[in-house]
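Here's the structure we're looking at; comments come further down.
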Amino acid sequence: MSQRELPAAFVSADVEGPLYDKWLAAGYFTASAESSKEPFTIVIPPPNVNGSLHIGHALDHTLQDILIRWKRMKGFEALWLPGMDHAGIAMQNVVEKQLALQGLTRHDIGREEFVKKVWEWKQEYGGQILGQMKRLGDSVDWSRERFTMDEGLSRAVLTIFKRLYDAGLIYRAERIINWCPRCMTAISDIEVDHSDDEGELISIRYGDGDSAIVVATTRAETMLGDTAVAVHPDDARYSHLIGKMIALPLVNRQIPIIADEHVDPEFGTGAVKVTPAHDPNDFEIGLRHNLENIVVLSAQAQIENTGTEFDGMDRFVARKAIVEKLRTEGRIVSEKRPYIHAVGHCQRCETTVEPRLSKQWFVKVAPLAKAAGDAVRDGRVRIEPSSLSPRYFEWIDNMHDWCISRQLWWGHRIPVWYGPNGEIVVTGPGESAPAGYIQDSDVLDTWFSSALWPFSTLGWPDETESLKKFYPTSVLVTGYDILFFWVARMMLFGLFAMDGVPPFHVIALHGMVRDKFGKKMSKSRGNGIDPLEFMDRYGSDAVRFTLARGANPGADLALAEEWVAGARNFATKLWNATRFAIMNGANVEGELPSVESLGAIDRWILSRLNETIVEVDDLLEKFEFARASEIVYHFAWDDLCDWYLELSKETFASSDSAKSQRVLGLVLDQLLRLLHPTMPFVTEELWTAFTGGESLVIASWPTSNPSHQDEEAKKIVAQLQEVVTEVRRFRNDQGIKTSQRIPGRFTLSSEVSNYESSLRYVLRVDQPAEGFSPGASIEIGQVKVEFDLSGTVDVVAERARLTKDLATARKDHETALVKINNENFMAKAPEKVVIEIRERLATTSADIERITVQLSQLPQA
RNA sequence: GGACCGUUGGCUCAGCGGUAGAGCGCUUCGUUGACAUCGAAGAGGUCACUGGUUCGAUCCCAGUACGGUCCA
């Protein structure tokens with residue numbers, strides 16, 4: 001093992017790429033199912049095949065990589081499994097847009113050709129994000145990379161579909177679903193984003209004379225499909241009308257007035273129009289009252305089949321036209337515009353979603369959701385932070401059946417075949433339908449296949465060694481925004497497919513990355529942050545450290561460029577500290593000298609190192625990335641660089657430096673290990689140069705050493721720090737430059753008497769020469785430092801300094817005194833606290849006395 | 001309407017029952033013996049409000065106000 005010289009400056013761009021290549025070539029990231037080590041598994045939330053690395057991925061990946069690298073160093077067989085999602089609608093939209101440039105639609109080229117084009121697109125442009133993950137340093141096992149549409153995962157899809165179907169948990173039914181008229185497909189409830197939009201609320205009079213009834217609607221065009229008017233059964237205003245028929249305007253259809261509990265008598269007139277084919281609530285009413293379902297909107301959301309002049313009109317055009325016509329007929333009672341109400345939009349294209357009666361495939365979720373809820377309730381799966389679990393329960397316990405069919409071409413085709421007489425055959429892997437059967441033309445929701453991700457990627461349905469070794473996964477790390485989309489669905493399918501074994505032990509949720517003011521990033525605000533740009537400018541380590549440092553469990557984090565620059569500065573600090581260590585002979589050769597043989601400064605840094613190791617380990621175990629990062633940062637910059645190195649410089653320059661050189665060697669070695677999961681590149685570069693070791697990736701994680709814990713050393717160094725700070729303050733107040741050497745006399749307490757030369761070195765205070773005549777002094781507890789400023793003491797500054805100290809001491813003394821005089825406090829407070837307050841009282845009164853004397857001795861200005 | 005979270009220095013956030021912390025920003029000084037991508041010294045918070053519990057509350061409890069997120 002030998003040390004290597006380091007260049008004067010750290011240039012991240014020069015080292016990152018080569019280091020990652022080195023790690024890949026060495027195969028460090030490859031996990032083996034044959035290993036005897038305990039497994040630690042994370043499956044990556046598969047990014048969309050057409051996606052590129054955004055700041056949210058950077059956060060998500062950084063946290064996962066920290067855990068994986070940490071556990072790998074701790075001796076686990078760490079598997080981080082990468083891959084991508086085929087991204088159904090999103091991907092199909094990309095290729096459709098491409099076709100549109102040539103003036104084509106997918107229908108022009110046909111299904112087979114279209115799907116071929118999507119695959120071609122994937123080959124050529126897909127997977128951009130994979131290279132970006134390498135830049136970030138993701139230590140994923142590339143040999144296991146998977147794609148939701150690859151052969152193995154497709155087999156998993158067929159297998160689970162058939163099993164669910166055979167178990168009666170997949171069914172086909174005519175229901176109201178969310179229909180996107182632009183994507184021309186059904187979408188599930190959670191693929192609909194609701195926003196409060198400006199619309200109109202139109203009150204329309206149905207019928208005439210005594211039997212007239214007024215209903216209100218925001219979607220006037222749907223009235224063409226009304227098949228009833230409903231009122232609450234207890235509503236006295238309408239009791240005489242229940243059971244009567246009334247004429248539906250414009251189409252002149254006779255519809256019944258019915259009574260249904262569902263109607264809210266407080267809302268509007270208390271009477272509602274019922275359109276079972278175009279509203280989920282109305283559909284339910286229709287079922288209860290055997291109403292006819294009249295579909296009046298086409299797949300493109302145009303009016304159809306009404307036999308009116310509105311047929312063929314777009315829904316929004318028709319809305320206006322119908323209101324206009326009703327107005328001319330004198331049927332409009334009132335119009336409210338704008339009327340703000342919740343409107344659903346397609347998550348992928350923002351088109352207003354149309355509730356539409358349609359025949360689709362569904363997963364019957366009740367039994368699956370019960371199991372998924374129970375797994376968390378009984379503690380087999382833990383949600384971190386636990387404060388987010390109510391959100392999970394609320395959703396999973398009230399989950400509606402999941403519409404899984406999509407009228408798309410890109411995706412897993414539904415393995416259902418229809419016979420000539422309406423027979424239905426579901427085919428599993430390798431099975432085929434009887435001749436003449438026709439396959440369902442729809443594909444499955446993209447989340448259907450990603451729900452299988454934790455086990456399909458490990459070889460399921462085969463009982464592979466990998467599946468046995470790495471399932472269930474250890475922890476799932478993801479943003480709370482996809483708790484429902486993905487996490488809950490993995491729970492549903494994982495428990496079902498794996499005989500009740502949940503897909504992960506822990507769900508560790510993080511928040512969203514926001515801008516420096518905590519505002520949501522959005523295109524319209526123009527406040528988006530590109531992680532790749534920041535990596536270019538400040539290095540991957542800096543981006544990673546900034547994200548980790550902000551990552552409090554389940555909470556959003558703000559990000560600013562200046563903070564990334566600060567993290568880059570931290571990397572530079574480590575770089576320079578390591579250069580200093582090498583220059584000063586720090587090393588990792590041989591045994592550490594016995595603790596008893598070491599001075600207090602060395603013992604102190606070992607003690608602090610030990611505390612840091614314990615705390616970091618504990619915090620990472622709790623997914624407290626922010627606090628763990630904070631702890632190491634503080635240890636590295638403040639304790640090691642600002643204090644240990646400064647207080648030790650004198651020792652390193654002396655002939656008695658060997659023991660401290662070894663201590664610094666150990667501390668730096670361990671510190672770089674602690675930081676490696678978060679800042680893999682710079683630590684690797686430094687550690688290999690410093691220790692001559694092969695790689696930090698496979699180095700062992702530091703373990704705590706209780707014998708290094710040293711309260712005495714901590715007290716001594718605390719005293720040294722206080723002396724240094726007070727003298728610096730004095731020098732500052734007196735306008736004495738840091739670089740200027742001044743003579744001074746130290747009168748030290750017994751604890752710190754051995755460290756006078758260190759103090760002199762740090763403070764640039766020379767031994768008093770002949771004729772030393774102290775004109776100013778500072779007292780810190782038992783320690784006194786005197787200076788001969790040859791009568792040039794700035795009395796005004798000195799008086800200000802002492803006056804301030806006196807005020808502080810008096811205030812502290814006062815608060816302590818109040819407690820001591822409080823009988824209840826003395827009687828009930830714990831012994832430890834009482835002692836502490838007594839001590840404070842004593843020190844503050846000594847301070848007050850001392851400062852008062854000093855002030856009185858100051859010459860009059 | 002339901003659920004949850006937040007309200008701490010200029011900004012973003014930790015802390016959480018015994019004298020308020022960090023990063024960034026700000027002020028002053030400094031080309032020092034690894035580091036100006038730096039160092040030193042500072043300024044700056046009645047911890048949203050009102051009650052309660054307690055010897056003691058930023059921290060626990062209740063309520064209020066304001067902000068945010070998710071679901072309907």
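Chain letters run A, B, ... following the sequence lines, proteins first, then strands; residues in each count from 1.
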(message) For B/A40 and A/N732 - does any side-chain N or O of the residue sit under 4.0 Å from the phosphate oxygens OP1/OP2?
(response) no

Could you go through nucleotides 30-32 of chain B and list every protein N or O atom that sits under 3.5 Å from one of its N or O atoms, giving the distance for each pair?
from  : atom 1 : to     : atom 2 : distance (Å)
B/U32 : O2'    : A/R764 : NH2    : 3.3
B/U32 : O2     : A/R764 : NE     : 3.3
B/U32 : O2     : A/R764 : NH2    : 2.6

(request) Evaluate the ring planes of A/F534 and A/Y538, with Trp represented by its six-membered ring, and classify them as parallel (under 30°), tilted (30 to 60°) or perpendicular (over 60°). (result) perpendicular

(request) Go through the side-chain N and O atoms of A/D669 and A/W687 and say whether any donor and acceptor fall under 3.5 Å apart. (result) yes

(message) When you measure from the side-chain N and O atoms of A/R568 to the phosphate of B/U37, is any distance below 4.0 Å, counting only OP1 and OP2?
(response) no

(message) Would you say A/K819 places a side-chain N or O within less than 4.0 Å of OP1 or OP2 belonging to B/U19?
(response) no

Dump every N/O contact between nucleotides 66-72 of chain B and the protein below 3.5 Å, one line per pair.
from  : atom 1 : to     : atom 2 : distance (Å)
B/U69 : O2     : A/R391 : NH2    : 3.3

(request) Send over the distance from A/W575 CH2 to B/A36 P, rounded to a whole Å. (result) 15 Å

(message) Nearest to the side chain of A/R579, heavy atoms from C-beta on, is which of B/A34, B/U19, B/A43?
(response) B/A34

(message) Regarding A/K519, tell me which of base, sugar-phosphate or nothing describes its non-hydrogen contacts under 4.0 Å with the strands shown.
(response) nothing

(message) Does A/K516 reach a base, just sugar-phosphate, or nothing at all? Heavy atoms under 4.0 Å.
(response) sugar-phosphate

(request) Quick one: label A/N552 by what it contacts on the DNA or RNA (base, sugar-phosphate, nothing), any heavy atom closer than 4.0 Å. (result) sugar-phosphate

(message) Students often get this wrong, so: under 4.0 angstrom with heavy atoms, is A/E650 touching a base, only sugar-phosphate, or nothing?
(response) nothing

(message) Less than 4.0 angstrom from a charged side-chain N to a carboxylate O is my criterion; do A/R537 and A/E533 meet it?
(response) yes

Throw together a table of side-chain donor-acceptor distances under 3.5 angstrom for residues 564-573 of chain A, partners on residues two or more places apart or in other chains.
from   : atom 1 : to     : atom 2 : distance (Å)
A/T572 : OG1    : A/R568 : O      : 3.1

(message) Taking 4.0 Å as the cut-off, does a side-chain nitrogen or oxygen of A/W637 come that near to OP1 or OP2 on B/G39?
(response) yes

(request) Respond yes when some side-chain nitrogen or oxygen of A/R729 is under 4.0 Å from OP1 or OP2 of B/A41, and no when none is. (result) no

